[in-house]
Amino acid sequence: MSSLPTGVRQAAVRSIRPARFGLIFASLFFAGIAVLLTPPAQTVDAHFSRLLVKLSHGLILVCGGKASIEGVILRDPAKGFAIEMRDGCNAVNVTILLWSAMLAFPARLKMKVWGLLAGSLVIHAINIVRFISLFYIGQYSASWFDFAHGYLWESLLILDTMVVFWLWVNRASGSYGAPNAAR
């Protein structure tokens with residue numbers, strides 16, 4: 001390909017990039033999910049879920065609410081409603097999605113590290129808001145809880161992950177772009 005004129009070579013490279021990104025992204029995503037399903041990762045995942053429940057519990061108490069915790073279960077002591085942070089509720093799956101996309105995207109290592117850290121923090125902050133809101137929604141309406149848990153928050157968390165990636169791509173593209181590209 002080096003014998004081709006620069007414009008033709010750049011066009012050929014641009015046409016390959018989406019397929020390359022898709023292949024790397026899919027490989028990383030499936031590898032991440034496979035690792036998540038291993039017993040050692042499941043142990044870490046369970047500890048992480050307990051940590052998120054403790055953090056949610058602390059935030060509820062600081063804001064004047066009442067709740068108790070039992071492992072990965074957050075319970076309202078007055079009404080008895082309880083919500084459990086099950087596998088998949090701790091946003092690890094969408095974090096794997098975000099990391100796979102960021103690692104597959106052609107950007108500088110510094111931008112990738114920044115994106116992985118900041119993106120993970122944003123996704124998990126949103127997930128804590130999700131968990132606490134579901135705790136309160138569930139105390140008042142089982143049907144609203146089912147809708148918010150199964151459809152609303154599930155979709156919003158994936159959408160938020162896509163927005164975080166899009167914002168990061170816009171920032172990372174500015175630092176990675178071609179030497180003659182306008183910034």
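As the structure is a computational prediction, the values presented were derived from the model and not from experiment.
- With contacts defined as side-chain heavy-atom distances shorter than 4.5 Å, the pair Phe145/Ile83 qualifies.
- Between Phe25 and Phe21, the angle of the ring planes stays under 30°, which puts this pair in the parallel group of the 30/60° scheme.
- Atom NZ of Lys54 is surrounded by 12 or fewer heavy atoms from other residues, nucleotides or ligands within 6.0 Å.
- Between Asn90 and Leu51, every side-chain heavy-atom pair lies at or beyond the 4.5 Å cut-off.
- The number of heavy-atom neighbours closer than 6.0 Å to CH2 of Trp99, taken from other residues, nucleotides and ligands shown, is 12 or below.
- In this structure, Ile132 CD1 and Ser56 OG are separated by 4.5 Å, a value rounded to the nearest 0.5 Å.
- Taking Ile, Leu, Val, Met, Phe, Trp and Tyr as members and joining any whose side-chain heavy atoms lie under 4.5 Å apart, directly or through other members, the hydrophobic cluster of Leu117 also contains Leu109, Val113.
- Side chain of Ser173 to backbone of Asn170: no donor-acceptor contact under 3.5 angstrom is found.
- Between Pro40 and Val44, the closest side-chain pair of non-hydrogen atoms is not below 4.5 Å.
- In this structure, the side chain of Arg130 engages the main chain of Cys89 through a donor-acceptor pair within 3.5 Å.
- Between Ser133 and Trp153 there is a side-chain heavy-atom pair separated by less than 4.5 Å.
- Residue Leu36 is grouped with residue Phe30 when hydrophobic side chains (ILVMFWY) are merged at heavy-atom distances under 4.5 angstrom, including chains of intermediate members.
- Of the possible donor and acceptor atoms, none in the side chain of Glu84 sits under 3.5 Å from a partner among the backbone N and O of Leu74.
- Checked against Ile126 for a side chain to side chain contact (heavy atoms under 4.5 Å, CB included), the options Val94, Asp160, Thr161, Leu121 give a single hit: Asp160.
- Side-chain N or O atoms of His57 include one that pairs as donor or acceptor with a backbone N or O of Ala67 at under 3.5 Å.
- Under the 4.5 Å side-chain heavy-atom criterion for grouping Ile, Leu, Val, Met, Phe, Trp and Tyr, Phe131 is connected to Val129 within one hydrophobic cluster.
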Run Ile137 and Phe147 through side-chain contact (heavy atoms from CB on, under 4.5 Å) and show every step you take. CA-CA 10 Å; Ile137 291 169; Phe147 171 76; over 6 Å; no
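- With sequence neighbours excluded, no residue satisfies side chain to side chain donor-acceptor pair (under 3.5 Å) with Trp114.
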I would like to know whether Arg17 and Phe105 meet side-chain contact (heavy atoms from CB on, under 4.5 Å); could you show each step before the answer? CA-CA 9 Å; Arg17 283 187 183 165; Phe105 190 81; over 6 Å; no
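- Looking at Phe165 and Leu97, their side chains never come closer than 4.5 Å, going by heavy atoms from C-beta outward.
- Remark: Phe48 pairs with His124 by the ring-ring contact (aromatic ring centres under 6.0 Å, His included) rule, at least two apart or across chains.
- When atom types are taken as modelled, the side chain of Thr43 and the backbone of Pro39 share a donor-acceptor pair closer than 3.5 angstrom.
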